Structure formats: structure tokens, C-alpha cells
Asker: 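For reference, the structure I am asking about is given below.
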Amino acid sequence: MDEKKNPSILSIRKLEKQFGDNRVLRDISLSVERGNVLSIIGPSGSGKSTLLRCASFLERADGGDILYDGQYAVKEGVYASKAELNRFRTRFGLVFQNFQLFPHYSVMKNICEAPILHGEDRAAVEARALELIRKMGLSGKEKAYPYQLSGGQQQRVAIARALAMKPEILYFDEPTSALDPELTGEVLKVIRQLAEEKMTMVVVTHEMPFAKAVSNRVIFMAGGVIVEQGDPIAVFENPREERTKQFLRVFER
């Protein structure tokens with residue numbers, strides 16, 4: 001079902017998710033406009049990753065709406081058909097904190113496998129993969145296997161793999177949490193570059209300076225709810241809510 005005059009590539013309304021007696025997400029509403037970066041910050045256990053997993057259908061929401069370009073993937077907790085959900089899945093790419101590369105595939109095959117399985121021409125996919133490898137600063141690593149790469153290189157391969165499917169929006173779930181500071185910088189540089197190219201992204205992150213510098217909008221979550229959201233300068237430099245102030249004080253020390 002379509003909803004007209006919706007400029008947002010992603011809209012989430014009154015999303016609910018519960019594990020047993022634990023309400024992990026409570027009345028979550030947000031939108032992401034095309035070409036923008038939304039960063040989601042907050043303490044561990046606040047529901048940030050679960051929100052991404054619901055938006056990408058890895059978890060099933062218990063209630064609320066999820067729309068892509070004004071089209072309902074989920075309406076009042078009722079999911080679209082399997083075929084429609086598969087169509088929605090082509091709209092986004094996912095980058096996880098632990099890379100999730102296929103260990104027995106080379107860099108090239110990790111990047112090319114999904115588009116080829118989706119019926120794209122092999123030569124065209126391989127040409128795109130080589131350009132992505134260059135863009136990620138990984139030229140010469142085409143035949144390498146994940147165990148031969150640093151964590152930062154593996155994460156850049158994971159980003160290239162997601163981009164190979166030509167998604168309209170990229171989801172990052174704490175993409176640097178498994179990396180040491182030097183390798184973190186490598187990955188954040190790539191994400192900054194994508195932001196400059198107006199790639200639409202939703203980034204769950206603990207990297208506060210990065211979120212402040214790159215985002216068009218920041219959401220602070222705690223206890224399964226959105227406590228505060230707005231322009232990154234306003235949220236980081238002049239937060240309204242006491243819970244936000246408490247969280248950000250930790251990063252000022």
C-alpha cells in the first residue's frame with residue numbers, strides 16, 4: 001500500500017518490540033530523508049540494534065508501521081507478503097559490527113556473490129566490485145581471504161559487499177565496536193566519504209565526534225524509547241533532557 005506525499009525513504013511509526021516481559025522498543029517513531037545520515041546513540045541495552053534489526057526485518061516487530069518511500073512493509077504490526085518483503089529488502093544494505101564475511105570466499109567473491117545470485121551480469125558485477133575495492137582502499141586484496149585481512153580491512157570489504165547491491169539506504173550496527181582505535185579511523189573515513197556522496201545511512205554508533213560531524217540528525221535512545229532527537233549540534237552541545245546530559249558527560253571525561 002502506498003502513502004502519497006511522503007518524502008522520507010524510511011518512516012517508522014509507533015514501533016513496538018517485546019522479548020518476553022521486556023519491552024525493548026516502545027512507541028518508536030522516526031524518519032530518514034534521502035541523502036541524509038541519521039545517527040542513533042545511547043547506552044548499551046537501549047534498543048538501538050533491535051531498532052535496526054526491525055527496520056531490516058531481521059526481527060519481527062510487535063506493532064507499528066515501517067514504510068519505505070511511503071510504501072507499507074509493516075502496517076499496525078501486520079507484515080506485507082513474503083514477495084513484497086523480499087522486494088523491500090533490495091532497498092537497503094546492512095553492515096554489522098562483526099563483519100560477517102564468508103571466510104571461505106575471497107574478497108572479490110564476498111562482494112560479487114549476492115548481485116550475481118540476484119541475476120546480474122557477472123562482468124558488470126565484477127567491474128563494479130573492482131571499483132568498490134579501489135574506493136575502499138583495498139586494491140591488491142581482491143584474491144585475499146578474510147583471515148588475511150585486518151579487522152578494518154574486513155569491515156571495509158563488508159561495506160563494499162553491501163554497496164555492491166546498490167542499496168538506497170545503508171544500515172550500520174556499531175561498525176567500529178570490534179576494532180581498535182587505529183582501525184576505527186579507517187572505517188569512519190569510508191563512512192564519512194559515503195556521507196559526502198549523499199548516501200542515505202542510519203548509523204548506530206558510540207563514536208560521538210563522528211556522529212556530531214557527519215549526521216544530519218541524531219537520536220538518543222535509552223530504556224527502549226527515544227529520549228531526545230534533533231540537529232547534532234543541538235543534541236550534543238545543548239541537550240534538553242537530563243538523561244541525554246548524563247550520557248554525554250561520560251564522553252566528555
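Keep in mind the model is a prediction, meaning the values are calculated, not measured.
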Asker: Would a single hydrophobic cluster contain both Phe210 and Ile159, if residues Ile, Leu, Val, Met, Phe, Trp and Tyr are joined by side-chain heavy-atom contacts under 4.5 Å?
Answerer: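 Looking at the clustering, Phe210 is in the same group as Ile159.
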
Asker: If you look only at pairs with a residue in residues 14-43, which of them pass as a ring-ring contact (aromatic ring centres under 6.0 Å, His included), with sequence neighbours excluded?
Answerer: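 Those involving residues 14-43 do not exist here.
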
Asker: Indicate yes or no: does Glu16 engage Arg23 in a salt bridge with an N to O separation below 4.0 Å.
Answerer: yes

Asker: Please check: side-chain N/O of Asn216 versus main-chain N/O of Val37, any donor-acceptor pairing under 3.5 Å?
Answerer: yes

Asker: Check whether any side-chain heavy atom of Ser8 lies under 4.5 Å from a side-chain heavy atom of Arg34, and answer yes or no.
Answerer: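 No, too far: nothing below the 4.5 Å cut-off.
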
Asker: Any side-chain heavy atom of Lys141 within less than 4.5 Å of one from Gln153?
Answerer: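 Contact flag for Lys141/Gln153 side chains = yes.
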
Asker: Does Ile226 belong to the same Ile/Leu/Val/Met/Phe/Trp/Tyr cluster as Ile66, with side-chain heavy atoms less than 4.5 Å apart forming each link?
Answerer: yes

Asker: Just by distance, with hydrogens left out, do Glu228 and Thr244 show a side-chain donor and acceptor under 3.5 Å apart?
Answerer: yes

Asker: Which ring-ring contact (aromatic ring centres under 6.0 Å, His included) pairs, counting each pair once, include a residue from residues 129-165, with sequence neighbours left out?
Answerer: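 Listed by first then second residue: nothing to list.
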
Asker: Any side-chain heavy-atom pair from Glu84 and Arg89 closer than 4.5 angstrom?
Answerer: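 Sidechains of Arg89 and Glu84: no contact.
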
Asker: Mind telling me whether Tyr68 and Phe88 have parallel, tilted or perpendicular rings, with 30° and 60° as the class edges?
Answerer: tilted

Asker: With heavy-atom distances below 4.5 Å as the criterion, would you say the side chains of Leu38 and Leu30 are in contact?
Answerer: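 The answer is yes, as the side chains (C-beta and beyond) meet within the 4.5 Å cut-off.
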
Asker: Stepwise, does the salt bridge (charged side-chain N to carboxylate O under 4.0 Å, His left out) test hold for Arg217 with Glu33?
Answerer: CA-CA 10 Å; Arg217 192 166 185 82; Glu33 293 184 7; over 6 Å; no

Asker: Specify the closest pair of heavy atoms between Leu170 and Ala162, including all atoms of both residues, with the distance to one decimal.
Answerer: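 Shortest heavy-atom separation between Leu170 and Ala162 comes out as CD2-CB, 3.6 Å.
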
Asker: Quick check against the 3.5 Å criterion: does Glu186 have a side-chain atom that pairs as donor or acceptor with the backbone of Thr184?
Answerer: no

Asker: Do Glu120 and Arg128 sit within salt-bridge range, that is, some charged N less than 4.0 Å from a carboxylate O?
Answerer: yes

Asker: Are Glu76 and Lys14 ion-paired here, with the side-chain N under 4.0 Å from a carboxylate O?
Answerer: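 No, this pair does not count.
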
Asker: Hey, what do you get for NZ (Lys109) to CD1 (Ile116), rounding to the nearest 0.5 Å?
Answerer: 9.0 Å

Asker: Does Glu197 come within less than 4.0 Å of Arg192, counting only side-chain N to carboxylate O?
Answerer: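 Looking at Glu197 and Arg192, the cut-off is not met.
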
Asker: From Leu25 CG over to Gln18 CD, what is the distance, rounded to the nearest 0.5 angstrom?
Answerer: 10.5 Å

Asker: Determine whether Val107 and Ile133 make a side-chain contact, defined as any pair of heavy atoms from C-beta on separated by less than 4.5 Å.
Answerer: yes

Asker: List the residues meeting salt bridge (Lys or Arg N to Asp or Glu O under 4.0 Å) with Glu131, not counting sequence neighbours, and say none if there are none.
Answerer: Arg134

Asker: Considering only residues two or more places apart or on different chains, which pairs with a residue in residues 155-177 satisfy ring-ring contact (aromatic ring centres under 6.0 Å, His included)?
Answerer: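 Qualifying pairs: Phe92-Tyr171.
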
Asker: So does Asp69 pair up with Arg91, basic N to acidic O under 4.0 Å?
Answerer: yes

Asker: Give the C-alpha distance, both sets of side-chain angles, the deciding distance and a yes or no for side chain to side chain donor-acceptor pair (under 3.5 Å) between Gln97 and Ser177.
Answerer: CA-CA 6 Å; Gln97 55 186 287; Ser177 65; 2.9 Å; yes

Asker: Examine Val204 and Val190 and state if one hydrophobic cluster contains both, with Ile, Leu, Val, Met, Phe, Trp and Tyr joined whenever side-chain heavy atoms are less than 4.5 Å apart.
Answerer: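 No, separate clusters.
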
Asker: What I'd like to find out is whether the side chain of Leu15 reaches to under 4.5 Å of the side chain of Ser29, using heavy atoms alone.
Answerer: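 Leu15 does not reach Ser29 side chain to side chain.
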
Asker: Roughly how far apart are Ile40 CD1 and Ser46 OG, rounded to 0.5 Å?
Answerer: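 Ile40 atom CD1 to Ser46 atom OG measures 9.0 Å (nearest 0.5 Å).
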
Asker: Please examine the side chains of Ser81 and Arg87, heavy atoms only from C-beta on, and report whether any two atoms are closer than 4.5 Å.
Answerer: no

Asker: Taking ring-ring contact (aromatic ring centres under 6.0 Å, His included) as the cut-off, I'd like each qualifying pair that reaches into residues 102-136, sequence neighbours left out, listed once.
Answerer: Phe102-Tyr105

Asker: Under a 4.0 Å threshold between the charged nitrogen and the carboxylate oxygen, would Glu242 count as salt-bridged to Arg249?
Answerer: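 Looking at Glu242 together with Arg249, the answer is yes, because their closest N to O distance falls below 4.0 Å.
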
Asker: Measuring only between side-chain heavy atoms, which start at C-beta, is Lys48 closer than 4.5 Å to His206?
Answerer: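 Counting from C-beta outward, Lys48 and His206 do come under 4.5 Å.
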
Asker: Taking Leu58 as the starting point, is it possible to reach Met165 by hopping between hydrophobic residues whose side chains are less than 4.5 Å apart?
Answerer: no

Asker: Using 0.5 Å steps for rounding, measure from the CG atom of Leu138 to the CD atom of Gln154.
Answerer: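 Here the interatomic distance stands at 10.5 Å.
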
Asker: To the nearest 0.5 angstrom, please state how far the CD atom of Gln229 sits from the CD1 atom of Ile219.
Answerer: 4.5 Å

Asker: Quick one: name the residues clustered hydrophobically with Val78, using the 4.5 Å side-chain heavy-atom rule over I, L, V, M, F, W, Y, and just say none if it's on its own.
Answerer: none

Asker: If you look at every heavy atom in Val74 and Gly64, which pair is closest and at what distance?
Answerer: CG1-O, 3.6 Å

Asker: Membership question, hydrophobic clusters at under 4.5 Å side-chain separation (ILVMFWY): are Val187 and Val202 in the same one?
Answerer: no

Asker: What's the spacing between Glu182 CD and Leu179 CG if we round to 0.5 Å?
Answerer: 11.0 Å

